[in-house]
Participant: 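First the structure, then my questions, so here it is.
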Number of protein chains: 2
Amino acid sequence: MQQPTFLILTALADRPQHGYGIMTDVERMSDGSVRLRAGTLYAALDRLREEGFIQIDHEEIVDARLRRYYSLTDDGATRLAAEADRLRRHAQTASRRLRASRITNAAARGVS
Amino acid sequence: MQQPTFLILTALADRPQHGYGIMTDVERMSDGSVRLRAGTLYAALDRLREEGFIQIDHEEIVDARLRRYYSLTDDGATRLAAEADRLRRHAQTASRRLRASRITNAAARGVS
DNA sequence: AGCCATATATCGATGGTCGGTATATGCTGG
DNA sequence: CCAGCATATACCGACCATCGATATATGGCT
């Protein structure tokens, strides 16, 4: 699973949201580092719905504009939890190894 | 950065390794869930070298077979550290939101 | 009047990964 | 004794998620 997809599911983890809301939420969550393109977002929403990870929650019209709200399915929540755990473990492994390497290099330079 | 690329850099975080060693290391690190294809690995090694994140450390011949060892550059270590931190934060956000959602749902069902 | 935010949708291009194939050596089980 | 597997690098076409751009429409701000 790629980062944009992961962040879309994360945006839906605690409440239903509509497409545009997901876009801004993802940008905020990632401190502006991940700007979802409209193409990416709506293609991903269709795909994730086909895969059964999200579903259409409800729709409403605001200012003559459609808002289509999506929510996580149980499958989606399970999948996201598994993916989050994988990310956490990978991040931990990388940090541990980098730390080990810095210690080794410091020792080699005679630094206490 | 995609997961395979991240894991390749992680494999090199604490010591130089050759291609095939990276492949087995990545599989072990991810509990067998990520099996690097030869095509992915060697293409990624070329690309990462061009980008300045890794470099050829040294080469040796074992059993008439070439072993080309790669190591992280300073740039690569910096990049990997930043990426690991991003992964950690994203995983944390997803887990926090999922937890919040479970509490809300439990309360809605009248569960203490 | 012009621009930006809101909101969804579609389309071609890009690029990292997948899956397979090629080449070569050495070890091991049947 | 030879077939298969592990080791080791390399290349290629295919796939698909994402990018970047464009389209359409409304409302608010300057």
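Below, read A as the first sequence line, B as the second, and so on, with proteins coming before strands; counting in each chain starts at 1. Bear in mind the structure is a predicted one, so any value in this text is a computation, not a measurement.
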Participant: Taking only the side-chain nitrogens and oxygens of Thr40(B), find out if one of them lies under 4.0 Å from OP1 or OP2 of dG16(C).
Facilitator: no

Participant: Nearest to the side chain of Ala44(A), heavy atoms from C-beta on, is which of dT18(D), dT9(D), dT17(C)?
Facilitator: dT18(D)

Participant: Once you round it to whole Å, what is the distance between C1' of dA7(C) and CD of Gln17(A)?
Facilitator: 14 Å

Participant: Tell me which nucleotide among dG26(C), dT26(D), dT6(C) gets nearest to the side chain of Ala64(A).
Facilitator: dT26(D)

Participant: Look only at the side chain of Ser101(B) and the backbone of Arg97(B), and say whether a donor-acceptor pair between them is shorter than 3.5 Å.
Facilitator: no

Participant: When you measure from the side chain of Thr24(B) to the backbone of Gly21(B), do you find a donor-acceptor pair of N or O atoms at a distance under 3.5 Å?
Facilitator: yes

Participant: Tell me if a side-chain donor or acceptor on Thr73(B) pairs with a main-chain N or O of Phe53(B) at a distance below 3.5 Å.
Facilitator: yes

Participant: Between Arg35(A) and Asp63(A), just flag the one whose closest nucleotide in DNA chain D comes earlier from the 5' side.
Facilitator: Arg35(A)

Participant: Without decimals, in angstroms, what is the distance between Gln3(B) CD and dG15(C) C1'?
Facilitator: 17 Å

Participant: Select one nucleotide: of dC11(D), dA9(C), dT18(D), the one nearest the side-chain heavy atoms of Ala43(A).
Facilitator: dT18(D)

Participant: With a 4.0 Å cutoff (strictly under), does any side-chain N or O of Thr5(B) reach OP1 or OP2 of dT17(C)?
Facilitator: yes

Participant: dT25(C) phosphate, OP1 or OP2: any side-chain N/O from Arg65(B) under 4.0 angstrom?
Facilitator: no

Participant: Within this structure, what is the CG-to-C1' distance between Asp25(B) and dT7(D), rounded to whole angstrom?
Facilitator: 16 Å

Participant: Among dT7(D), dT18(D), dA9(C), which is the nearest nucleotide to the side chain of Tyr20(B)?
Facilitator: dT7(D)

Participant: Counting distance only, does the side-chain N/O of Glu83(B) pair as donor-acceptor with the main-chain N or O of Phe6(B) below 3.5 Å?
Facilitator: no

Participant: Please report, rounded to the nearest Å, how far the P atom of dT7(D) is from the CD1 atom of Ile22(B).
Facilitator: 15 Å

Participant: Could you tell me whether the phosphate oxygens of dT9(D), OP1 or OP2, come under 4.0 Å of any side-chain nitrogen or oxygen in Tyr42(B)?
Facilitator: yes

Participant: Side-chain N or O of Arg37(A) versus OP1/OP2 of dT18(D): is the shortest distance under 4.0 Å?
Facilitator: no

Participant: Looking at every strand, decide which applies to Gly39(A) at a 4.0 Å heavy-atom threshold: base, sugar-phosphate, or nothing.
Facilitator: base

Participant: Provide, to the nearest angstrom, the distance between the CD1 atom belonging to Ile56(A) and the C1' atom belonging to dA7(C).
Facilitator: 15 Å

Participant: Does Leu36(B) offer a backbone N or O that forms a donor-acceptor pair with the side chain of Thr40(B) under 3.5 Å?
Facilitator: no

Participant: Could you give the CG-to-C1' distance, from Leu41(A) to dA9(C), as a whole number of Å?
Facilitator: 11 Å

Participant: Find the distance Met23(A):CE to dT6(C):P and express it as a whole number of Å.
Facilitator: 9 Å

Participant: Are Arg47(A) and dT18(D) close enough that a side-chain N or O sits under 4.0 Å from OP1 or OP2?
Facilitator: yes

Participant: State whether the side chain of Thr5(A) and the backbone N or O of Met1(A) hold a donor-acceptor pair below 3.5 Å, judged by distance alone.
Facilitator: no

Participant: Calculate the interatomic distance between Met1(A) atom CE and dC16(D) atom P; express it in whole Å.
Facilitator: 16 Å

Participant: Using heavy-atom distances to pick each residue's nearest nucleotide on DNA chain C, tell me which of Pro4(B) and Ala38(B) is more 5'.
Facilitator: Pro4(B)

